[in-house]
Structures are given as structure tokens and as C-alpha cells.
Amino acid sequence: QVQLTESGGGSVQAGDSLTLSCAASDRTSTPYSTAWFRQTPGKEREFVAAIGWAGGSTIYADSVQGRFTVSRDNAKNTVYLQMSSLKPEDTAVYYCAAGTVIPRPRRADAYDYWGQGTQVTVSS
């Protein structure tokens, strides 16, 4: 069982930057792939970015490509989402998710473990 805890959310202005963190409780060196999703009220959870266990494989949603960067520090069991040039449409609750076998990393149902989410609000 893995517990994921997101942090780093907050309220910022358009154009600002913010970095989210996702800390995992599992220290067994199980190779997890990790992703970030976001959700706004009344909408389905939306894929943002994903990173493989070794950190060399990353994918992004078109809407954040070039503005967001996902990275990980396995020594700290932590995955990061660096967000820059934030826009009001980036406003959402951001969730991190992890799983061991991820055939379709853009799908929310591919992941076994989820954090509780952290709110990001971008005002214009």
C-alpha cells in the first residue's frame, strides 16, 4: 500500500510559477510510475503529466507542454510538478497518482494509488 501526499498548492497570479510535490510513503523501492491529474468541479479528472520510475520518460498533456515539468527524486520518494506561465484555466485540484503497470499513462483508471489533492488557483 502506498500513501501519496501532495503539497505546494496555493493562489497565484497569471504568469506566476508554482511547484507541487507528491511524497510517497512506500520505501520498498517498488518501481512506480507517477502522474499528475487535475480536476475542476463538474468535470472529469484530466491528465497533466506522467513520469516513469527512472525519470527518463515523461509525457505531458498538450495544454501544459512547454510550461510544466515533471521530475522525481527517488531518494526522497518525491515527484514534483513545476508549473510556469500559469493561466486561469490551470485552476483545479491537482492530484498525484502512482502505479506499477501503466499501459495507458494518460488514463486515470491506470493508476492504483491517489493522493488527496491540492488546490491551485490562478487569477487573471
Side-chain angles (χ1 to χ4, degrees):
Q1 189 73 17
V2 177
Q3 290 187 335
L4 303 175
T5 304
E6 303 95 336
S7 61
S11 296
V12 297
Q13 298 288 320
D16 284 351
S17 299
L18 203 60
T19 297
L20 306 182
S21 299
C22 172
S25 63
D26 184 15
R27 295 185 179 275
T28 62
S29 299
T30 303
Y32 293 104
S33 293
T34 306
W36 289 94
F37 287 77
R38 64 188 182 186
Q39 190 171 25
T40 53
K43 293 189 177 181
E44 292 189 357
R45 205 160 286 191
E46 175 192 21
F47 171 78
V48 175
I51 185 167
W53 169 248
S57 175
T58 57
I59 56 173
Y60 297 92
D62 290 345
S63 59
V64 306
Q65 181 78 49
R67 299 188 298 121
F68 290 12
T69 301
V70 60
S71 61
R72 68 188 306 150
D73 183 343
N74 288 340
K76 296 182 178 179
N77 272 23
T78 302
V79 173
Y80 305 96
L81 183 68
Q82 296 173 276
M83 306 183 293
S84 62
S85 302
L86 283 162
K87 304 175 181 180
E89 50 263 44
D90 294 319
T91 295
V93 177
Y94 283 71
Y95 298 89
C96 67
T100 55
V101 180
I102 312 294
R104 295 188 174 93
R106 297 176 186 268
R107 292 177 57 95
D109 60 9
Y111 297 88
D112 301 312
Y113 306 105
W114 290 83
Q116 82 290 347
T118 185
Q119 176 71 46
V120 172
T121 302
V122 184
S123 56
S124 58

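- Residues Tyr95 and Gln39 approach most closely at CE1-OE1, 3.9 Å, considering heavy atoms.
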Could you pull out every donor-acceptor pair under 3.5 Å between side chains of residues 9-23 and any protein atom, sequence neighbours left out?
unit_1, atom_1, unit_2, atom_2, d
Gln13, NE2, Ser123, OG, 3.2
Asp16, OD2, Gln13, N, 3.1

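- Using a 4.5 Å cut-off on side-chain heavy atoms (C-beta onward), Arg38 and Val64 make contact.
- In the hydrophobic cluster analysis, where Ile, Leu, Val, Met, Phe, Trp and Tyr join through side-chain heavy atoms closer than 4.5 angstrom, Val79 is grouped apart from Trp114.
- Separation of atoms OG1 (Thr34) and CG (Leu81) is listed at 12.0 Å; rounding is to 0.5 Å.
- Rounding to the nearest 0.5 angstrom, the gap separating the OH atom in Tyr80 from the CG atom in Asp73 is 5.0 Å.
- Remark: side-chain polar atoms of Tyr111 are paired, donor with acceptor, to backbone N or O of Pro105 under 3.5 angstrom.
- Going from atom OH of Tyr32 over to atom CG of Asp112 covers 8.5 Å, rounded to the nearest 0.5 Å.
- Looking only at distances, a side-chain donor or acceptor of Arg72 sits under 3.5 Å from a matching main-chain atom of Gly52.
- Crowding of Gln119 atom CD: a count of heavy atoms from other residues, nucleotides or ligands under 6.0 Å exceeding 12.
- Contact of the Asp90 side chain with the Met83 side chain is not registered, since no non-hydrogen atoms from C-beta on lie closer than 4.5 Å.
- Phe47 and Leu86 are not part of a single hydrophobic cluster, where members link through side-chain heavy atoms under 4.5 Å apart.
- In terms of modelled atom types and a separation under 3.5 Å, the side chain of Thr121 and the main chain of Thr91 share no donor-acceptor contact.
- When every heavy atom of Val2 is checked against every heavy atom of Ser25, the shortest pair comes out as C-OG, 3.8 Å.
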Working for side-chain contact (heavy atoms from CB on, under 4.5 Å), residues Ser63 and Glu89: CA-CA 10 Å; Ser63 59; Glu89 50 263 44; over 6 Å; no
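- In terms of heavy-atom proximity, Ala24 sits nearest to Leu4 at CB-CD2, 3.7 Å.
- Between Phe68 and Trp36 there is no side-chain heavy-atom pair separated by less than 4.5 Å.
- Here the side chain of Glu6 pairs a donor or acceptor atom with the backbone of Cys96 at under 3.5 angstrom.
- Side-chain contact between Trp53 and Thr100: absent, with no pair of heavy atoms (C-beta onward) separated by less than 4.5 Å.
- The backbone N or O of Tyr60 lies less than 3.5 Å from a partner atom in the side chain of Arg106, making a donor-acceptor pair.
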